[in-house]
Amino acid sequence: AEYMGAALGEELTRLSSLETLSVMMNPLGAFPEALCALSSLQSLRLGRCGLRELPPSIGALRQLRELVLSYNEIPILPLELSTLPALTTLHVSNNRLRFLPTDLERLP
């Protein structure tokens, strides 16, 4: 599962104008950090991917409007999510979250 995530990230870094990425229901296991280099990304859908954490580098996705992380194994969200100026939609149901960072309260 780790290999799939690494390969996915390496290939996608060449798509610098990519705005939407949906890889839901694929066993990534780990978040491909290379995705954080996709500066044009507006919608990222990673539901049911077996993710266990998000890297702080997700804060580099400054254009991100929608982030779908439902049905993963994530216990805590990085504070960097609250610094994403365009983020308006965050789906995190059915994870291992006990709380949401209070900085995310600004989301509509």
Side-chain angles (χ1 to χ4, degrees):
E2 301 296 333
Y3 174 76
M4 182 180 186
L8 175 70
E10 292 166 10
E11 293 298 316
L12 289 176
T13 56
R14 293 183 242 164
L15 303 174
S16 60
S17 298
L18 188 68
E19 294 182 357
T20 300
L21 176 63
S22 179
V23 290
M24 295 179 66
M25 299 178 66
N26 281 286
L28 299 179
F31 184 93
E33 286 208 42
L35 295 181
C36 296
L38 299 175
S39 59
S40 297
L41 203 60
Q42 294 180 22
S43 177
L44 180 57
R45 298 178 185 143
L46 297 168
R48 296 183 190 266
C49 288
L51 301 179
R52 294 178 294 279
E53 66 180 346
L54 292 179
S57 55
I58 197 163
L61 297 175
R62 309 300 290 166
Q63 302 300 316
L64 195 65
R65 295 173 185 254
E66 176 190 42
L67 180 59
V68 177
L69 299 167
S70 302
Y71 294 94
N72 280 293
E73 305 293 322
I74 301 168
I76 189 166
L77 296 173
L79 295 175
E80 287 77 5
L81 280 181
S82 63
T83 67
L84 297 176
L87 190 66
T88 58
T89 304
L90 176 64
H91 295 279
V92 292
S93 63
N94 295 290
N95 273 281
R96 295 185 176 183
L97 297 171
R98 292 185 183 217
F99 63 90
L100 291 175
T102 55
D103 291 346
L104 290 177
E105 293 176 356
R106 66 161 186 79
L107 293 175

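Each residue takes its place number in the sequence, starting with 1.
In terms of hydrophobic clustering, with Ile, Leu, Val, Met, Phe, Trp and Tyr side chains grouped at heavy-atom distances under 4.5 Å, L46 and L18 are assigned to a common cluster. Under the 4.5 Å side-chain heavy-atom criterion for Ile, Leu, Val, Met, Phe, Trp and Tyr, V68 and L28 are members of distinct hydrophobic clusters.
E80 CD to S82 OG: the interatomic distance, rounded to the nearest 0.5 Å, is 7.5 Å. For the atom pair E73 CD and R96 CZ, the distance stands at 4.0 Å (nearest 0.5 Å). To the nearest 0.5 angstrom, E19 atom CD is 13.5 Å from L44 atom CG. The OG atom of S93 lies 9.5 Å from the CG atom of L97; values are rounded to the nearest 0.5 Å. In this structure, OG in S39 is found 12.0 Å from CG in L64, a value given to the nearest 0.5 Å. For the atom pair N94 CG and L69 CG, the distance stands at 12.0 Å (nearest 0.5 Å).
Nearest heavy-atom pair across L38 and L15 is CD2-O, 3.5 Å. In terms of heavy atoms, P55 sits closest to C36 at CG-SG, 4.5 Å.
At a threshold of 4.5 Å between non-hydrogen side-chain atoms, the residues L84 and R65 do not count as touching. The side-chain heavy atoms of T20 and R45, taken from C-beta on, include a pair separated by under 4.5 Å. Put simply, the side chain of V92 does not reach to within 4.5 Å of the side chain of I74, judged on heavy atoms. With contacts defined as side-chain heavy-atom distances shorter than 4.5 Å, the pair I58/L67 qualifies.
At a cut-off of 3.5 Å, with distance as the only test, a side-chain donor of E66 or S43 sits close to an acceptor on the other residue.
With hydrogens and angles disregarded, no donor-acceptor distance shorter than 3.5 Å links the side chain of R52 to the backbone of F31. Looking only at distances, a side-chain donor or acceptor of N72 sits under 3.5 Å from a matching main-chain atom of C49.
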Kindly determine whether T83 and R62 satisfy side chain to side chain contact (heavy atoms under 4.5 Å, CB included), including the steps that lead there. CA-CA 8 Å; T83 67; R62 309 300 290 166; 3.7 Å; yes
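Within 6.0 Å of atom CE in M24, more than 12 heavy atoms from other residues, nucleotides or ligands are found, so the atom counts as buried in its surroundings.
Taking a 4.5 Å side-chain heavy-atom cut-off between Ile, Leu, Val, Met, Phe, Trp and Tyr, the cluster of L79 contains only that residue.
Taking S40 as the reference, nothing meets the side-chain hydrogen bond (donor to acceptor under 3.5 Å, both in side chains) condition, with sequence neighbours excluded.
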